[in-house]
Amino acid sequence: MEIDAPSSSPRKAPGRCARSGFLFRFKFFDGWAAIRAFSFLCVLLPLLMLVGGLFSVSSEYWEYVRDHLLRAYFTETLLVMAGAGTFACFLGVPLAWVLSMYDFHGKRFFEVLLVLPLAIPPYIAAYTYEGLLGYTGIVQSFFRNHFDLHLTRLTTDIPAQVWAIWVFGVTLFPYVYILTRAFLRHQSAAIFENALLLGGGKARLFLRVGLPLLWPSAAAGVILVCLEVLNDFGVSSYYGLNTFTTAIFTTWFGMGDVNTAIKLALILLALVFVVLLVRKAAHNVRRYHIVSSREKRLMTRRVDAIAQAGIILLCASVCLVGFIAPILQMLYWLRLSWDGAFTGELGRALLYTLGIAGGATLAVMIAATGTANANRLVKSRFATLFSQGATLGYAIPSAVLAIGIISFFVSADKFLSAVFPFSPEKFFSMSGIMLFFAYSVRFFTIGYQTVEAGFAKIGMVYSEASRTLGRDVTATFFRVDFPLVRYALISGAALVFIDILKELPLGLLLRPFNTETLGTMTYHFANNEALEETALPSLCIVLLGAAFILIMQIWEKKETAHVSGN
Amino acid sequence: MFLEIDSVSFAYPGKNAPWILSEYSLSMEAGERVGIAGPSGRGKSTLLRIIAGLECPLQGSVTLDGRRVASRDIYVAPEDRQVGMVFQDYGLFPHMTVAQNIAYGLFRLRRAERRQQVVTMLELIRMRDLAARYPYEISGGQQQRVAIARALAPNPKLLLLDEPLSNLDATLRADIRAEMCEIMESSRITCLFVSHDLDDLAALCGRIETL
């Protein structure tokens with residue numbers, strides 16, 4: 001026996017009353033909310049320090065930069081960013097499409113291999129491409145020795161911007177590929193089957209049905225590529241580009257003009273906010289949703305031999321340029337530099353990198369888990385503000401963040417020596433605390449988003465069941481939520497760890513004296529034209545990164561099985 | 001009165017959000033089994049969530065066993081209300097076995113007492129031989145019985161059941177109704193059911209209210 005729905009429409013709620021009191025709200029301020037508030041403050045403080053720098057007195061050099069260089073910084077930065085984003089899109093979208101739609105030999109192998117270019121930091125890829133395509137590199141040597149073809153114009157006539165776009169494209173396209181693939185994986189088969197039945201062939205299916213559906217996901221990937229390009233220092237510096245990040249470094253270290261560096265950092269930050277606004281606009285535009293409740297997941301289709309050969313050639317080419325060729329070049333350099341490769345300096349850099357990356361990863365995951373749990377427990381405008389503010393870190397370019405953090409810790413040192421005259425001089429600014437803090441702030445977003453996604457998958461029902469059975473919020477987290485989201489936490493930790501390993505500008509700007517990370521060590525070797533010497537630290541970064549990516553992929557599958565109880 | 005819901009109003013956050021519940025009142029005596037009927041979207045589940053402490057009412061108050069648990073200035077957390085709840089999709093912890101699920105709310109008991117209570121509950125739902133199974137290894141009807149046993153195990157003052165039979169097919173539904181009646185009668189607990197199906201409520205409750 002069913003009861004009919006009422007005919008009257010629901011009434012509008014008047015203004016809130018019971019939950020508006022401060023004391024009532026305070027009941028929900030527990031340890032979890034405290035972690036969230038602390039995370040938010042950590043991200044906000046460096047930014048506030050930067051805004052303070054905006055009102056500092058302008059130097060003569062700033063006037064020179066403003067009148068003569070600023071236009072070049074804008075042009076070069078935007079050109080490389082747009083080029084890299086477009087190139088990554090051209091690689092990532094077709095790959096995601098063919099791997100989602102078709103079945104072919106070696107598909108599983110390519111699924112793993114196509115994500116691995118993310119393990120190669122773009123600046124290391126830039127060094128290896130110089131090694132591969134330079135005058136003494138394998139490509140030119142091969143053509144010169146076997147066919148008497150001189151390809152010197154390959155490196156001299158092609159502009160540095162094009163090389164930078166190439167390097168960014170082949171190493172960062174997995175962002176577009178992963179997001180587009182994830183989107184297609186959850187699409188209904190009915191849409192594509194109907195389109196095929198209506199005729200027009202595969203090309204029409206891709207252009208008229210596939211692209212309009214997947215473009216918001218592809219755009220989200222392109223935005224990530226753009227943010228990475230804006231953050232980059234290693235590639236721009238190696239190719240001698242006049243981007244904002246290189247300008248900040250030059251102004252700061254070359255000219256010693258911190259005020260101008262802060263002003264440039266703020267312009268770069270404004271550029272980042274424009275990119276984020278574009279992302280928001282792309283997110284808000286019309287998205288197409290499946291209207292049928294009886295959806296069948298997309299099934300891959302077997303293709304004929306010629307098409308299969310074409311797909312395999314496409315996947316193999318991208319894997320070759322994005323991962324295999326740089327790795328082979330590094331191995332070749334390692335063979336050349338083998339005798340002096342294993343030094344104490346490398347061991348110290350490896351230990352320091354692993355230590356600080358491990359510590360910062362732990363800090364990020366604790367803060368991210370606390371913030372995500374606080375946000376799911378009590379939803380409010382403050383919660384939204386806290387989470388949005390705390391996730392700004394990843395969007396802020398490293399050079400900008402570093403300036404804010406240095407300003408903050410220099411002030412903290414001054415305060416410390418004023419209050420405690422016997423405290424060690426420059427306690428914060430001379431130690432690894434700054435770098436640790438910077439890594440934690442910058443990569444908080446990645447940890448937070450992974451944990452949030454993990455919590456979203458399990459929902460609230462288990463936590464609520466636990467609380468009605470007498471367990472408080474904290475006991476519920478450790479006994480119920482944590483075991484269910486542990487794979488998401490591990491994946492998040494792996495992702496944060498990989499990003500810290502790859503990060504270069506923060507290491508260059510904030511590491512303590514006489515201390516190297518693997519990234520800064522690689523950079524210094526390359527800067528001194530000792531490309532062979534970059535092999536071992538680069539391989540350490542890339543192989544560690546690749547191992548963590550593989551672990552992440554395995555755990556992601558486990559997580560899906562675990563939450564669904566299979 | 002054992003449970004007194006006095007002019008409770010609720011709306012989810014958001015500008016111009018509609019009232020889910022508007023000045024709703026209900027009273028229950030101890031040991032009573034009351035059913036609340038009503039179509040989807042009328043706030044039946046929300047009412048149970050307010051009683052359990054999973055939501056706070058915007059207006060009105062809830063008094064349980066003489067103690068005010070929710071009002072304008074009072075909020076007692078779910079873990080301090082001694083209210084058991086059976087969720088629509090049961091919410092059995094997927095990483096725990098049937099026995100571990102039932103034992104979960106018995107953490108205040110000593111180990112031997114806890115073990116004894118788990119055995120009692122497993123016997124009540126006639127699933128002693130399935131104690132070591134995980135939720136995904138048992139049927140929907142068995143999951144539903146485990147959810148009831150888990151909620152009953154800590155001896156709550158009040159048991160709330162949110163559409164407990166909605167996930168079951170018609171054949172199983174009739175069997176489970178009879179079993180549930182048996183379990184509720186033997187445990188003599190005060191129960192509040194919500195369902196959009198009047199047949200379920202008529203079979204399980206002594207009194208039916210509409211929302």
Side-chain angles (χ1 to χ4, degrees), chain A residues 1-28 30 377-381 383-384 458-476 479-487 561-566, chain B residues 9-11 13-14 16-20 22 37-42 49 52-54 56-60 71-73 75 77-85 87-96 104-108 134-136 147 150-151 153-154 156 160 196-199 202 210:
Chain A
M1 191 190 311
E2 301 285 328
I3 294 173
D4 293 334
S7 54
S8 60
S9 61
R11 285 149 291 172
K12 300 282 183 194
R16 304 286 179 266
C17 46
R19 275 186 282 181
S20 58
F22 172 76
L23 280 176
F24 197 85
R25 201 178 288 282
F26 192 72
K27 280 177 189 295
F28 297 100
D30 53 8
L377 289 172
V378 183
K379 294 199 188 307
S380 65
R381 267 174 294 172
T384 313
I458 62 167
M460 283 301 288
V461 68
Y462 303 121
S463 310
E464 289 176 350
S466 167
R467 294 194 68 192
T468 58
L469 290 165
R471 303 276 189 169
D472 64 19
V473 172
T474 307
T476 294
R479 291 190 58 94
V480 175
D481 298 328
F482 180 75
L484 292 176
V485 296
R486 67 178 190 269
Y487 292 119
H562 184 66
V563 173
S564 59
N566 293 317
Chain B
S9 299
F10 182 85
N16 298 325
W19 282 119
I20 303 291
S22 180
S40 302
R42 292 303 295 264
R49 292 173 64 79
L54 299 171
C56 304
L58 295 179
Q59 289 169 359
S71 69
R72 185 180 167 84
D73 301 313
Y75 167 72
E79 56 269 28
D80 299 325
R81 292 193 185 193
Q82 288 179 265
V83 171
M85 185 158 173
F87 293 82
Q88 195 170 353
D89 46 6
Y90 314 135
L92 295 178
F93 306 131
H95 60 299
M96 294 183 195
Y104 185 83
L106 305 174
F107 58 96
R108 290 189 185 93
Y134 282 91
Y136 62 88
R150 184 179 72 173
L160 307 171
H196 62 277
D197 190 325
L198 277 178
D199 291 343
T210 51

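Heavy atoms only: backbone and side chains are in, while hydrogens, waters and symmetry mates are out. Chain A is the first sequence line, chain B the second, and so forth, proteins listed ahead of strands; every chain is numbered from 1.
For chain B, no part of S463(A) is nearby; none of its heavy atoms comes within less than 4.5 Å. At a 4.5 Å heavy-atom cutoff, the contact between A151(B) and chain A is made by backbone atoms alone. Only the side chain of R49(B) comes within less than 4.5 Å of a heavy atom in chain A; its backbone stays farther off. For chain A, the nearby part of F87(B) is the side chain; its heavy atoms alone come within less than 4.5 Å.
The distance from atom CZ of F482(A) to atom NE2 of H95(B), rounded to the nearest 0.5 Å, is 11.0 Å. Summarising the geometry, atom CZ belonging to R81(B) is positioned 10.0 Å from atom CZ belonging to R467(A); distances are rounded to the nearest 0.5 Å.
Heavy atoms only, all atoms of each residue included: G91(B) and A465(A) are closest at O-CB, 3.9 Å. Heavy atoms only, all atoms of each residue included: F93(B) and Y462(A) are closest at CE2-O, 3.2 Å.
Interface remark: of the candidates D80(B), I20(B), L92(B), L92(B) forms the most heavy-atom pairs closer than 4.5 Å to chain A.
Panel note: side chain R471(A), backbone Y104(B); a donor-acceptor pair is recorded below 3.5 Å.
Screening T468(A), T476(A), D472(A) for a side-chain contact (heavy atoms from CB on, under 4.5 Å) with E79(B), the sole residue that qualifies is D472(A).
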